[in-house]
Asker: 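What follows is a structure written as structure tokens; I'll ask about it next.
Basis for what follows: all heavy atoms, side chains included, without hydrogens, waters or symmetry-related copies.
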Amino acid sequence: MPREAIHRFEFNGRRYAIDPETCFCFECDAISWDVLEQYPHTPINRIFRELESKHDLKELHEVLGELEWLRATKAILPKSTKERIKKEFETEAGLQRLSVELPPRQTADDTARRRWFGGKSESASPPGAVDRARRAASLLLNRSASQQNLELEFVESGGLRDADLISECCAEAQRAAALAGKKLTVSVLVPSADYTRLPPELDGHTVGWRLRVSASAGVSAALNHVAGGASASLERLARTAKQMPEGATLTVIVRPNHKDFGRVTAALDQLGFPSMELDIDGAYVADPSLVPSEMLEGLSQNAHYYAEQLVKHRYFRLDPIAALFRRVYEGAPEPRTDPAGLHEIAIDADGRIYPSWRFAGNEAFAVGRIDQGQIDEDALGGFEDVGSRTTGVCRRCWIRNLCGGGTAAVHHALTGSYRTPYEPWCEAQREWMAAAVSAFNLLSAQGVNFSRVYQSLARANSKPSLFTMVKAAFRMSVGMRPIAEEDAPLLVEWENWCESAYFLYREQGLLMATHYDREMDALHPQGVDQEFMLVRRSGEPLGLFRVRPAALPHTAEAWLWLRNEEDYTDGGVRSGLQNLLKEASQQQAISRVTVPALQRETGLNALMRALDAEHAGTIREGCFLHGGYEDVQVYLLRLDA
């Protein structure tokens, strides 16, 4: 039998399916489970013949219809073309991230500190650190090629030494990036901090932190916040993390040093940290003797606690779980998750250059020296083959685009080769990914707002992809799509002489629309209005939905109309509309929507009450109809509740 195109698996008594190429996942019932055993390799007529005695024929048609629709939208089973295969193996050139460890502080007898470009300064600081930072920034900018979003990280292994020095280095690097037309995020990493009082859940583990500051935020202000509280106590660090200025994020990092770390997230959450990271990769690099299956148990316990908090709508960020949820939610397959040597390099305190910070100190992986201006391009080029696309065992693995081939430093620590994954580690990864996919589907059913889960991970000004919209629509009984030119005849039939606020309580206020009018509405939307066709999962038109931004932030004005009056009271339609509005609010950062309804629209008024909308008020004589004025009821939907 051919290798499965859609992977099926069971977890905790539930069944799931995922397309390994697109990462589109969903929970299966008994019918879809049996269909996917044969789909898409078996002809559809044969699937009908083999399953018609086991399942209802109409339901088989529905399942296969949904799968074919997902296939048509390229959410699953994308067509393999020469161009697509070629693109898979193309690598995007340019450095994106550089980590640099500044040299040790010099003595008081050393020469006075110089500014970046040769000027003198009155205060005394190590000139080696300033020069190293300048050269690191220059290296990052010169090797960034066409990359526009860069990150420069200063590693302070012994703790934050000089906030003023780091602040000046960061500010100068940002100015240099601005002159080069790049956007630079600067960060400070303290991989190990010495805290005297730690919760018992953190005993034996390494605790550090990372401060990340965007280009628009003040580096000095953020560092001043951290300088006073980062080394005092973990409680003080948590308070500092909650007081960060806009554009700055302080993340506490815990590297597990043994298998008993299942309550780490709970302990950090009790302290109030808004951003946390479990450095699982760092744990294997530091101690290759750790057993992956035993580490999986601790990771699962942390994930379980995280899921419990999300169900309660207590949102905070926990990596690597939040990053994984983002890939599943957005349908963003990543065949390579480790940027080592390709998009990332690192410089240690002695000036040696490495493919990534996790290799620092291992001279076998040193590829050059920053002070000598030399890099071994051949040695660095070997890391272009890292990732699932170029690793044989990964290409046959169903989590290849979720795991991304793992981390090169972890593979080297466990097998001695950065290109060879360790099979017990891979098996633990597969079990962990299955648990994550299961958790994602269960949390989605509970209405968890995933845009808030990974808010700080999202790209700036990103818009929902077609994949995300398809994923949302697949989970709903009601979907929507933009109106099209070919919808004009139907829209004219619906609109003419229709006594609804959707058509009357608006600027035009007309009872007649022409075919030409509706064609122009589809081709040239008016102002900021967006109009959508509401459809059933079968594709049958159901009604109309129009939305526009309101004056206040995170608010919008919307109009709703359903063609058949009985649809207003249909439980499936109501549930579908509720899910649709929630999904739209998450994608567009809308928390409140007002919806008008005429007094005569009994179905729409009842629907608003069923959706727990508040009656915001009445616009007296707000609509002119049949020679008289009629009141308009206004409802407020709170989508962030």
Side-chain angles (χ1 to χ4, degrees), residues 62 473 476-484 486-515 517-518 521-522 529-548 556-584 593-637 639:
E62 289 180 356
M476 301 172 185
S477 57
V478 175
M480 68 179 181
R481 60 170 175 80
I483 62 171
E486 55 268 23
D487 293 326
L490 180 62
L491 295 174
V492 170
E493 177 186 343
W494 281 358
E495 180 171 351
N496 287 343
W497 303 110
C498 181
E499 299 175 357
S500 167
Y502 188 94
F503 303 109
L504 298 177
Y505 186 63
R506 53 185 299 190
E507 288 83 353
Q508 289 81 359
L510 299 176
L511 284 174
M512 288 292 292
T514 67
H515 189 285
D517 291 334
R518 296 312 258 149
D521 286 345
D529 285 15
Q530 297 184 56
E531 190 169 17
F532 300 91
M533 177 79 73
L534 296 175
V535 295
R536 302 183 191 275
R537 290 183 67 170
S538 63
E540 177 189 358
L542 178 68
L544 294 169
F545 180 75
R546 184 171 64 252
V547 63
R548 70 168 62 152
E557 300 174 354
W559 289 258
L560 175 65
W561 177 76
L562 301 180
R563 175 66 179 88
N564 297 315
E565 189 71 18
E566 57 269 22
D567 286 334
Y568 286 111
T569 58
D570 183 89
V573 172
R574 286 182 173 180
S575 175
L577 286 172
Q578 193 168 30
N579 291 332
L580 190 66
L581 288 169
K582 181 175 294 186
E583 185 70 23
V593 174
T594 59
V595 180
L598 299 184
Q599 194 70 36
R600 65 181 62 214
E601 293 183 275
T602 56
L604 180 56
N605 282 275
L607 174 62
M608 289 295 103
R609 291 191 291 270
L611 296 179
D612 295 325
E614 301 175 17
H615 184 247
T618 301
I619 301 177
R620 300 298 180 189
E621 299 183 347
C623 181
F624 185 79
L625 181 63
H626 299 316
Y629 289 94
E630 184 168 326
D631 294 346
V632 178
Q633 309 301 321
V634 179
Y635 293 91
L636 176 65
L637 283 165
L639 303 179

Asker: Grab the two heavy atoms, one from V535 and one from P541, that are nearest each other, plus how far apart they are.
Answerer: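 Looks like CG1-CA, 4.1 Å.
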Asker: Within the 4.5 Å heavy-atom criterion, are L490 and M533 side-chain neighbours or not?
Answerer: yes
Asker: Quick one: ring pair (Phe, Tyr, Trp, His ring centres under 6.0 Å) partners of W561, sequence neighbours excluded?
Answerer: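 Ring pair (Phe, Tyr, Trp, His ring centres under 6.0 Å) check on W561 returns W494, F503.
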Asker: Between S575 (side chain) and G572 (backbone), is there a donor-acceptor pair under 3.5 Å?
Answerer: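 Not at all, since once roles are kept as given, no pair shorter than 3.5 Å links the two residues.
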Asker: Test of understanding: with side-chain contact (heavy atoms from CB on, under 4.5 Å), list the residues that count as partners of D567, not counting sequence neighbours.
Answerer: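 Applying side-chain contact (heavy atoms from CB on, under 4.5 Å) to D567 gives R536, L542, L562, N564, V573.
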Asker: Taking side-chain contact (heavy atoms from CB on, under 4.5 Å) as the test, write out the residues that go with E557, two or more places apart.
Answerer: R548, A550, W559, T594
Asker: Taking only residues two or more places apart in sequence, or in another chain, which ones meet E62 in a salt bridge (Lys or Arg N to Asp or Glu O under 4.0 Å)?
Answerer: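 Not a single residue meets the salt bridge (Lys or Arg N to Asp or Glu O under 4.0 Å) criterion with E62.
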Asker: Between CZ of R563 and OG of S500, what distance do you get to the nearest 0.5 Å?
Answerer: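 Atom-to-atom, R563:CZ and S500:OG are 11.5 Å apart.
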Asker: Search all heavy atoms of P596 against all heavy atoms of A501 and return the closest pair with its distance.
Answerer: O-CB, 4.0 Å
Asker: Indicate the atoms forming the closest heavy-atom contact of A597 with L604, along with that distance.
Answerer: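 Smallest heavy-atom distance, with atoms named: CB-CD2, 3.6 Å.
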Asker: I'd like to check the side-chain contact (heavy atoms from CB on, under 4.5 Å) partners of I619; sequence neighbours left out, ordered by chain and number.
Answerer: Y505, V632, V634
Asker: Applying side-chain contact (heavy atoms from CB on, under 4.5 Å), can you list everything that pairs with A610, at least two apart in sequence or on another chain?
Answerer: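 Here the qualifying residues are R574.
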Asker: I need the I483 CD1 to L534 CG distance, nearest 0.5 Å.
Answerer: 12.0 Å
Asker: Check N605 against Q599 and note the closest heavy-atom contact, atom names and distance.
Answerer: ND2-O, 4.1 Å
Asker: Under the side-chain hydrogen bond (donor to acceptor under 3.5 Å, both in side chains) rule, collect the residues that match up with T602, sequence neighbours excluded.
Answerer: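 Per chain and number, T602 pairs via side-chain hydrogen bond (donor to acceptor under 3.5 Å, both in side chains) with no residue.
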Asker: Between C623 and L504, what is the shortest heavy-atom contact and its length?
Answerer: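 The answer is SG-CB, 3.8 Å.
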Asker: Between H626 and E499, does the side-chain contact (heavy atoms from CB on, under 4.5 Å) criterion hold? Intermediate values first, please.
Answerer: CA-CA 10 Å; H626 299 316; E499 299 175 357; 2.5 Å; yes
Asker: How would you list all residue pairs meeting salt bridge (Lys or Arg N to Asp or Glu O under 4.0 Å) that involve residues 617-632, not counting sequence neighbours?
Answerer: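 Found R600-E630, R620-D631.
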Asker: Can you pull the ring-ring contact (aromatic ring centres under 6.0 Å, His included) pairs that have at least one residue in residues 598-623, sequence neighbours excluded?
Answerer: H615-Y635
Asker: Among side-chain atoms of Y502 and E531, is any donor-acceptor pair under 3.5 angstrom?
Answerer: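 Indeed, the side chains of Y502 and E531 share at least one donor-acceptor pair under 3.5 Å.
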Asker: Which residues pass the ring pair (Phe, Tyr, Trp, His ring centres under 6.0 Å) test with F545, sequence neighbours left out?
Answerer: none
